[in-house]
Amino acid sequence: MKPWYIDGIHFKCTGCGNCCSKEPGAVFVSNEEIETIILHLKIDKMEFLDRFTRKLHGKIALKELANFDCVFLKENRCSIYHQRPKQCSTYPFWPELLRSLKDWEGEKTRCEGLDHPDGKYFSFNQIRSIVKG
Ligand code: SF4
Ligand code: SF4
């Protein structure tokens, strides 16, 4: 059976900040991603781990503030945008959201950019390549 997004998807990030705040979540970071971020922040790994991360399910995740904002969300913008983890840069093309149209539609309560009329067009092949990394 053909995937529901065989004809592509339109997506536009409006910068609403919802995916980085408002509800509990988990953004995991790999060692490689940590290296990229600490180079940008000009701090060492120990300081980064201490100030910006927490242990979650045996992995390293970014800290959240008490209101569930990501620790790197500043004035509704990602303060490490160009160094943000892959989990953030590949959103919303996550396997769990592409699994079914129902999952995709359900995510619209969180992200207003899905199927946005002014959104950029992503072909099936482009989406597959984002998913594969
Ligand atoms: S929820 Fe969607 S529109 Fe809002 S910041 Fe995140 S990706 Fe962009
Ligand atoms: S790292 Fe940036 S894009 Fe990712 S959740 Fe935090 S603020 Fe949002």
Side-chain angles (χ1 to χ4, degrees):
M1 199 171 80
K2 286 180 182 172
W4 64 267
Y5 55 95
I6 189 74
D7 293 328
I9 292 174
H10 285 86
F11 168 67
K12 177 185 178 175
C13 177
T14 63
C16 74
N18 270 358
C19 59
C20 313
S21 62
K22 296 190 178 74
E23 54 187 62
V27 176
F28 294 103
V29 275
S30 67
N31 278 324
E32 203 183 340
E33 289 167 339
I34 291 172
E35 293 301 327
T36 303
I37 299 169
I38 63 176
L39 210 63
H40 170 71
L41 297 177
K42 298 185 177 63
I43 57 175
D44 66 30
K45 190 169 177 178
M46 285 310 291
E47 183 181 351
F48 174 80
L49 293 175
D50 184 50
R51 285 176 59 192
F52 301 114
T53 71
R54 60 192 162 134
K55 277 273 178 69
L56 200 63
H57 309 307
K59 295 195 275 186
I60 301 171
L62 298 182
K63 272 185 188 170
E64 284 179 343
L65 308 186
N67 62 0
F68 305 120
D69 279 5
C70 171
V71 67
F72 286 117
L73 190 67
K74 305 283 177 234
E75 293 170 5
N76 228 29
R77 298 273 163 192
C78 177
S79 61
I80 54 162
Y81 185 80
H82 295 291
Q83 294 79 30
R84 69 199 189 287
K86 188 175 159 199
Q87 185 183 327
C88 305
S89 64
T90 57
Y91 182 83
F93 302 112
W94 291 352
E96 60 266 43
L97 298 181
L98 295 170
R99 190 170 41 206
S100 71
L101 185 56
K102 190 172 171 227
D103 289 309
W104 182 261
E105 293 291 333
E107 185 69 3
K108 285 183 180 174
T109 56
R110 190 157 82 120
C111 175
E112 62 189 17
L114 309 190
D115 299 331
H116 196 289
D118 303 328
K120 180 181 165 190
Y121 173 73
F122 291 84
S123 70
F124 173 76
N125 285 338
Q126 284 173 314
I127 295 166
R128 292 313 300 164
S129 129
I130 293 170
V131 172
K132 281 184 193 155

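Note that ligands are numbered from 1 as they come in the structure, with each ligand's atoms numbered from 1 the same way.
Atom 2 (Fe) of ligand 1 has its nearest heavy-atom neighbour, among Cys88, Cys111, Gly17, in Cys111. The nearest non-hydrogen atom to atom 1 (S) of ligand 2, considering only Leu62, Asn76, Val29, Leu73, comes from Leu62.
Within ligand 1, the atoms closer than 4.0 Å to a non-hydrogen atom of Cys16 are 1 (S), 3 (S), 4 (Fe), 5 (S), numbered from 1 in the order shown. For ligand 1, the atoms sitting less than 4.0 Å from at least one non-hydrogen atom of Arg110 are 1 (S), numbered in the order shown with element in parentheses. Here is the list of ligand 1 atoms found below 4.0 Å of a heavy atom in Thr14: 3 (S), 8 (Fe). Close contacts between ligand 1 and Tyr91 involve ligand atoms 7 (S) [criterion: under 4.0 Å to a heavy atom].
Among all non-hydrogen protein atoms, the one lying nearest atom 6 (Fe) of ligand 2 is Cys70 SG, 2.3 Å. Given atom 8 (Fe) of ligand 1, the protein heavy atom at minimum distance is Cys13 SG, 2.4 Å.
Contact annotation: Cys19 places an N, O or S atom under 2.8 Å from atom 6 (Fe) of ligand 1.
Contact annotation: for Val71 versus ligand 2, there are no heavy atoms closer than 4.0 Å.
A donor-acceptor pair shorter than 3.5 Å cannot be found between the side chains of Thr36 and Gln83. There is a side-chain donor-acceptor pair under 3.5 Å between Lys45 and Asn31. Counting only N and O atoms by type, the side chains of Arg84 and Tyr91 include no donor and acceptor under 3.5 Å apart.
Of the charged side-chain nitrogens involved, none lies within less than 4.0 Å of a carboxylate oxygen, so that Glu96 and Arg99 do not count as a salt-bridged pair.
In this structure, Asp103 and Leu98 have side chains that are not in contact, with every pair of non-hydrogen atoms separated by 4.5 Å or more.
In this structure, Lys59 is positioned above the aromatic face of Phe28, its NZ or CZ under 6.0 Å from the six-membered ring centre and within 45° of the axis.
Remark: Glu32 CD is loosely packed, at most 12 non-hydrogen atoms of other residues, nucleotides or ligands lying under 6.0 Å away.
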